[in-house]
Each structure stands twice: as C-alpha cells, then as structure tokens.
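Every number for a ligand or one of its atoms is a count from 1 in the order of the listing.
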Amino acid sequence: MYCIKKVTDDLVWVGANDRRLAFFEGVYSVPAGVSYNSYLLLDEKTVLFDTVDKAVRQRFLENIEKALKGRKLDYLVVQHVEPDHSAVILELIRQYPELKIVCGERGAKFIKQFYDFDIDSRVHPVKENETLNTGKHTLQFIMAPMIHWPEVMFTYDSADKILFSADAFGCFGALNGALFADEVDFAKDYMDEARRYYSNIVGKYGTQVASALDKTSALNIEMICPLHGFVWRTNLSEIVSKYMLWSKYEPEERGVMIAYASVYGNTENAAEILACRLRDKGIKTVIFDVSVTPASEIVSAAFKWSHLVFASTTYNAGIFVTMEALINDLSAHNIQNRRVAIIENGSWAPTSGGLIREILGKCKKIDILENNVSLLSGLKQAQLSDIESMAQAIGADFAAPAGVAQNNQAAPNTTEFIPIDPAVMFKLSYGLFVLTARDGNKDNGCIINTVMQITVTPVKITIGVNKANYTHDMILKTGKFNVSVLSEKAPFRVFQQFGFHSGKDTDKFADSGEALRAENGVRYVSEWTNGVICAEVKNTIDCGTHTLFIAEVKQAFSLSRDPSVTYQYYFDNIKPKPQPPKGNKKGFVCKICGYVHEGDTLPDDFICPLCKHGAADFEPI
Ligand code: FEO
C-alpha cells in the first residue's frame with residue numbers, strides 16, 4: 001500500500017524508509033534506519049526528483065503511481081547517481097516509456113556505467129544554472145560536485161523557493177511518520193545523526209561544500225528537500241549554520257574529545273584521569289572506547305569538539321587495531337583545525353604515540369602537543385604529573401587571552417578558567433524599539449533592544465525576543481510583526497507603556513488614540529519614532545530564554561529625521577536617575593526602571609511596583 005506525504009500543494013514525498021539495513025554503504029551502522037527521499041512535482045509537467053534504494057523499490061513505485069493519479073511521468077531529475085538514489089531508474093523507464101532524464105553530463109556518464117539502457121535517446125542534459133520550465137514552476141540546476149560524488153547537482157524551484165539538495169543537509173534515521181524537521185526535536189534527537197551523516201559521507205569535501213553553500217546563498221530559499229532525513233521548512237539556519245561550521249572544519253563546541261584503545265584498562269585509566277583533571281578546570285569532556293563505539297560516531301565527535309586526545313596501547317609494534325582504523329579514518333575524512341594530545345602505552349616498546357603523530361601530522365592545521373604521555377604498562381604515581389601537565393597545556397587554550405583584564409583588575413593567571421563578565425555585555429551598542437503584533441483582535445507590543453539587518457536581497461532582519469513576553473507568543477503564532485524605531489525624543493512613559501507590564505492583562509494601546517496599522521494589519525507607533533519596519537517570520541532559532549526570529553521585510557517607511565535612541569542614550573538621558581533615600585535611610589534601586597525602595601532590607605519576593613521586575617534586579621544604593 002502506498003505511503004505518501006504532502007510537502008506543498010504541488011509537491012509530494014514519495015520516498016520510503018528502511019529499518020532493516022544494518023550498515024549504510026556497508027560501513028555506517030544505522031540503528032534508527034534511514035530514509036530514501038524522493039519528491040514528485042505535479043505541475044503541467046510531472047517531475048520526479050531522484051529514485052530510491054532497491055530495498056524500498058516496491059513501496060516507492062506504489063507511491064508514484066498513487067501520487068500521479070493516472071498522469072504520465074514526464075521528467076526524472078537525477079541529482080545523484082549513487083544507487084541509493086538511482087536504483088529504480090530502469091523500472092521507471094519500463095513503466096513510463098516517455099520519461100526524460102534530466103541530469104548533468106557527468107550524471108549521464110555515471111548512469112551509463114551503472115545501468116544498461118539507451119540513456120542518450122532520453123537524456124535532457126543540463127548545465128550550471130540552466131532552467132527547465134514545467135508550467136507554474138521553473139527549475140534551476142546548480143552543480144554541486146563532490147557532495148558527495150562528482151556528478152551531484154542541486155535543483156532550485158523558484159516558484160516555491162525550494163532547494164532540492166541531494167545528499168546535502170541529509171540525516172541518518174527513518175522518518176517515523178514525520179516529514180519536516182520542525183515536527184521533531186531535531187537538535188536533541190537528530191543533530192548528532194546529521195553530524196555523523198555529514199562528517200562520514202561528505203566530511204572529506206569541506207571545500208566543495210563551502211563552495212556549494214556560497215552558490216546557494218544568493219537564492220531565496222524557504223524549504224530544503226534533501227535525499228535523506230527531514231525536510232526543512234522553518235528555522236533553516238539551524239542546519240545551514242552547522243554546515244557552515246562543518247565545511248570549514250570549525251569545531252562546534254569548545255571541549256575535549258578523548259578516544260582510547262585499551263586492552264587491560266591501563267590506557268583507559270590514564271584517559272579517565274586526564275578527563276577528571278580537565279573537568280576540574282571546568283573544561284567539557286567526552287570519552288570513547290574505540291573498541292566499543294563505532295568509528296563513525298567518533299569521527300562525528302571529532303568534527304564537533306575543539307580538542308582531541310588519542311590514547312592507545314601499542315599492538316604488534318603498531319597502533320592498536322581499532323585506534324589505527326580510527327586515526328586513518330579521521331585522516332581520510334580530512335580532519336583539520338584541531339589541537340591534539342597523545343597518550344601512548346606499551347609494555348616493552350611503546351610506539352603507538354609516534355605513529356599516531358605521523359598520520360595526523362600530515363593533516364592540515366592539526367597542532368599536536370609536543371609532550372606525549374608515554375606509559376609502560378600502567379600509570380604510576382610519579383607519572384600523574386605528566387597527566388596534569390597535559391591537562392594544563394590543554395587548559396591553557398581555554399583560559400582568557402593573556403593581558404585581558406577583568407573589571408579593570410590585573411590580568412589573571414591564564415591557566416584558570418575565566419567566567420563571563422556581564423559588564424562586558426553592556427559595552428555592546430543597542431537601539432530600542434517597540435515591537436508590535438496582532439493576534440485576532442488583540443494588539444500588543446513590547447520594548448526590545450535587538451534588531452539587526454542581516455541580508456539585503458531580500459531584505460531580512462533578525463530580532464531577539466524574550467519568551468516571557470506575550471508579544472513573543474503572538475509573533476510565533478502569526479508570523480508577523482512591526483518594529484517601530486524609537487527616537488531620542490521618546491519620553492520615559494513610552495518605555496513604561498510598552499515595557500513595564502504584560503499585554504496579557506492590559507491593553508497597551510488603550511490610551512494611544514487612532515489605531516495606525518501597516519499593510520500587514522499590525523499596529524505601529526507613530527509618535528516618538530522615526531521609522532517602521534514590517535516583517536514576516538521565515539525562521540526561528542530557540543536560544544533558551546529568547547527566540548531569535550529571522551524575518552523578511554515586507555514594508556518599511558520613515559516617520560521623522562530624529563536620531564534613533566541608543567540604549568546608552570536611554571540610560572544617560574531618558575531613564576530617571578534614582579533619587580537617594582532621604583536622611584540616613586538606606587534603600588535599593590531597580591536596575592531596570594530606577595524605582596527606589598527605601599529600607600534596610602529588600603524582601604526576596606519583592607516586585608518593583610513600576611516595572612514588575614523582581615528583587616534580583618535591585619541593587620543597594
Ligand atoms: Fe545518499 Fe551519496 O548517496
């Protein structure tokens with residue numbers, strides 16, 4: 001029985017999942033299965049984007065037949081000839097004899113190598129940026145060599161702003177009934193698998209991935225349809241930003257990945273002690289036993305963490321077998337731009353450290369610590385200092401740069417971990433804005449200080465909004481908002497009106513007179529402001545307490561020539577200065593609005609009567 005899913009009004013997912021496959025490409029374990037995605041565009045012409053692996057051909061053919069609803073199949077776009085995406089071409093040709101195959105020159109060559117049929121008579125060859133009109137849709141072909149084979153190409157549908165991305169942005173794991181990344185907790189449940197897929201499948205080709213990202217950055221993309229894993233229709237930057245890091249071999253996390261190979265537990269013991277000393281310094285650590293954890297997971301972790309430690313016993317006068325395989329694997333996947341430390345062990349002739357150094361030393365930008373720790377069978381008391389020295393050397397990378405003083409004090413010992421000084425955050429420049437939204441008949445607004453233009457074509461901005469704000473929820477629900485840019489003329493009462501209480505229980509526009517609305521129907525503030533930006537949300541990024549909205553600007557107009565207010569100007573000139581308590585009385589001042597509470601103590605549950613912030617936002621006068 002068919003099993004298809006709607007992607008857009010014109011696009012249907014006709015792929016299938018395989019949960020019986022033990023090893024993808026015969027190498028990579030896929031305990032959660034894998035999806036083979038294929039998409040059918042139903043326009044005046046019908047267009048299929050790639051086929052699937054032979055393991056799921058039956059379901060795939062049923063899916064196409066159902067989705068076509070009796071229509072013929074006009075085009076098959078072959079973006080990638082690897083058989084997990086091309087295995088069903090012959091059956092399709094038999095079933096749809098008029099089918100044209102759209103691919104690049106190299107794609108046609110590879111199809112000839114894999115399959116016996118007369119492709120020349122049915123190929124529709126395309127070159128870089130060539131287009132194919134199918135009625136309402138125009139498809140643009142973008143060559144993306146080496147992601148993951150040389151013939152790979154992407155396709156961009158300019159009508160629905162969809163990028164069909166072949167293997168790029170793919171992920172291991174069956175879809176389990178979902179299709180879109182926003183239907184699952186991708187960061188928690190799938191990002192590790194997306195990284196494992198990337199690092200092992202295309203990790204070697206970072207330069208080519210960066211070049212493809214560069215090419216597609218000029219396109220207005222609202223959806224990404226990869227050949228494995230989930231479709232991205234919101235928050236595209238969640239996966240694109242990871243690809244930008246991975247393609248440049250930039251670590252995602254500052255911390256230390258320790259991989260060890262240990263026959264009787266002595267090398268493991270050294271690795272564990274090193275991890276403890278690093279943790280003592282506040283440095284994150286992860287540890288893998290290379291004889292237990294599949295190499296693909298450790299390769300993936302090596303792409304994630306900034307520092308790598310390899311601890312291996314010596315075996316047959318070489319590196320222990322599983323560690324040797326891992327080191328060669330990392331080298332083959334072009335690992336680079338990492339700090340590395342090595343612990344070796346050997347009962348009569350420890351050689352593994354030197355051999356690991358030799359292999360990794362040939363990789364680009366791999367900085368290997370000079371002092372290996374070399375063990376003879378087991379770690380002894382006298383060698384604990386070697387482990388501590390290694391932890392110190394690694395820890396030095398995690399300290400603040402020498403000479404950077406905290407709070408105008410002398411530079412601290414650089415081997416100590418230095419926490420974030422919140423005062424530095426106030427050195428950043430910010431503006432102040434009234435952010436407004438409308439949900440049904442409810443208008444609301446709040447004050448925000450983070451609005452930034454991020455692209456010109458199209459004009460996109462990003463805003464950061466605290467999740468506690470009612471306006472935040474309204475924007476999340478409606479996808480629309482206006483930003484009214486406050487000028488230096490704005491009086492304190494504007495900040496009180498929009499900033500010091502919640503729209504959940506008050507009407508912030510109650511005393512605002514005529515309701516001025518932009519074309520999106522959302523109110524804006526015309527008094528004390530110098531411009532209005534109206535935008536539509538395209539992506540969101542969950543930042544914990546705040547959400548970052550990335551939005552396309554749909555309308556923008558000026559209201560005055562008054563200079564925009566900055567956060568600093570607000571504090572210096574608009575916000576009332578706290579008045580010291582009279583006489584010898586003591587008091588506490590609200591850092592948010594300047595309200596002064598007189599008294600020797602401030603109750604823990606005190607709420608500012610003006611701005612409703614709690615006791616934590618007060619400081620003694
Ligand atoms: Fe999913 Fe490179 O094939």
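Neither side chain, Ser38 nor Asp50, offers a donor N or O lying under 3.5 Å from an acceptor on the other.
Taking atom 1 (Fe) of ligand 1 as reference, the nearest N/O/S atom within Asp84 carries the name OD2.
Backbone or side-chain N, O or S atoms of His85 do not reach atom 2 (Fe) of ligand 1 at under 2.8 Å.
Here the options are Phe303, Trp305, Tyr243, the test is ring-ring contact (aromatic ring centres under 6.0 Å, His included), and the partner is Tyr249; only Phe303 passes.
Judged by the 6.0 Å distance and 45° axis criteria, Arg254 is positioned over the aromatic ring of Phe398.
Angle OD2 (Asp167) to atom 2 (Fe) of ligand 1 to OE1 (Glu82): 180°, rounded to 10°. Geometry about atom 2 (Fe) of ligand 1 gives an angle of 110° between ND1 of His148 and NE2 of His80, rounded in steps of 10 degrees.
The shortest heavy-atom contact between Lys304 and Asp192 is NZ-OD1, 4.4 Å.
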